[in-house]
Amino acid sequence: GVRSFLKAHPAWRATIAPLTGSLDRAFGEGLTLEAIGAETRDTGGRQARGFFARHRDLFAAGLEGAGVELVYDEAASRELAVGTRVHTFNLHKDGLKVLGAGLTLGLKENQVILIASRALGPVTASTRPKLDAAGAIAALGRWVLTQGGQLPALTSSREPALAIYPVVET
């Protein structure tokens, strides 16, 4: 895991996620990404995926579970300055985004200088919702009443999207 990685790369420093025991953040001297053929610019994160696969033992268990995948976030992946880029992936379970969970690689001159993981761990929640959009709005209205408010006239301003909101159980 992380100890083996740090032993193999002594110039790197890392922090450990206390809930998963896996990598939280790591940074250090550049690690070369493997080439992906004739392409010189990796706009879809294929090199980053290869890096994650080669260093799988750095990350929490549960990424191999049924329906779990890392989805490339094109909007968050970008060039920060000439020669410096981030590749960001979000964790999804059965097509639903797991809010706040994912992986990011920071690159300088196409070498990895930063690895960041966010709230990675097994996703055990059901991905089959018990409420439809109208039921969710009604439940929110009832909750507002329990908080001492008045029943609001709630409407949906855009098509609701389902997501998984991780809750840490202690």
Would you tabulate the side-chain donor-acceptor contacts of residues 95-103 under 3.5 Å, counting partners in other chains and residues two or more places apart, or write 'none'?
none

Linked hydrophobic residues, Val86 as query - side chain contacts closer than 4.5 Å
Leu80
Side chain to side chain donor-acceptor pair (under 3.5 Å) against Thr84, all qualifying residues, sequence neighbours excluded:
none
For Gln111, check side chain to side chain donor-acceptor pair (under 3.5 Å) against everything at least two apart and list the hits.
Thr32
Give the minimum heavy-atom separation between [X] and [Y], together with the two atoms involved.
{"X": "Arg25", "Y": "Ser117", "answer": "NH1-O, 2.9 Å"}
{"X": "Ile115", "Y": "Val112", "answer": "CG1-CG1, 3.9 Å"}
{"X": "Ser77", "Y": "Arg85", "answer": "O-NH2, 4.2 Å"}

Mind checking ring pair (Phe, Tyr, Trp, His ring centres under 6.0 Å) for Phe51 and listing every partner two or more places apart, or none if nothing turns up?
His55
Salt bridge (Lys or Arg N to Asp or Glu O under 4.0 Å) filter on Arg13, not counting sequence neighbours, yields none
Using 30° and 60° as the class boundaries, would you call the ring planes of Tyr72 and His87 parallel, tilted or perpendicular?
tilted
Can you find a heavy atom in the side chain of Phe89 that is under 4.5 Å from one in the side chain of Leu105?
no
With sequence neighbours left out, write down each residue that passes side chain to side chain contact (heavy atoms under 4.5 Å, CB included) with [X], or none if nothing qualifies.
{"X": "Ser4", "answer": "none"}
{"X": "Ile113", "answer": "Lys108"}
{"X": "Ala14", "answer": "Val2, Leu6, Leu23, Ala26"}
{"X": "Asp73", "answer": "Ala75, Ala76, Thr88, Asn90"}

Report the distance from atom CD of Glu69 to atom NZ of Lys93, rounding to the nearest 0.5 Å.
11.0 Å
From CA spacing to verdict: side chain to side chain contact (heavy atoms under 4.5 Å, CB included), Leu31, Trp12:
CA-CA 10 Å; Leu31 301 175; Trp12 275 67; 3.6 Å; yes
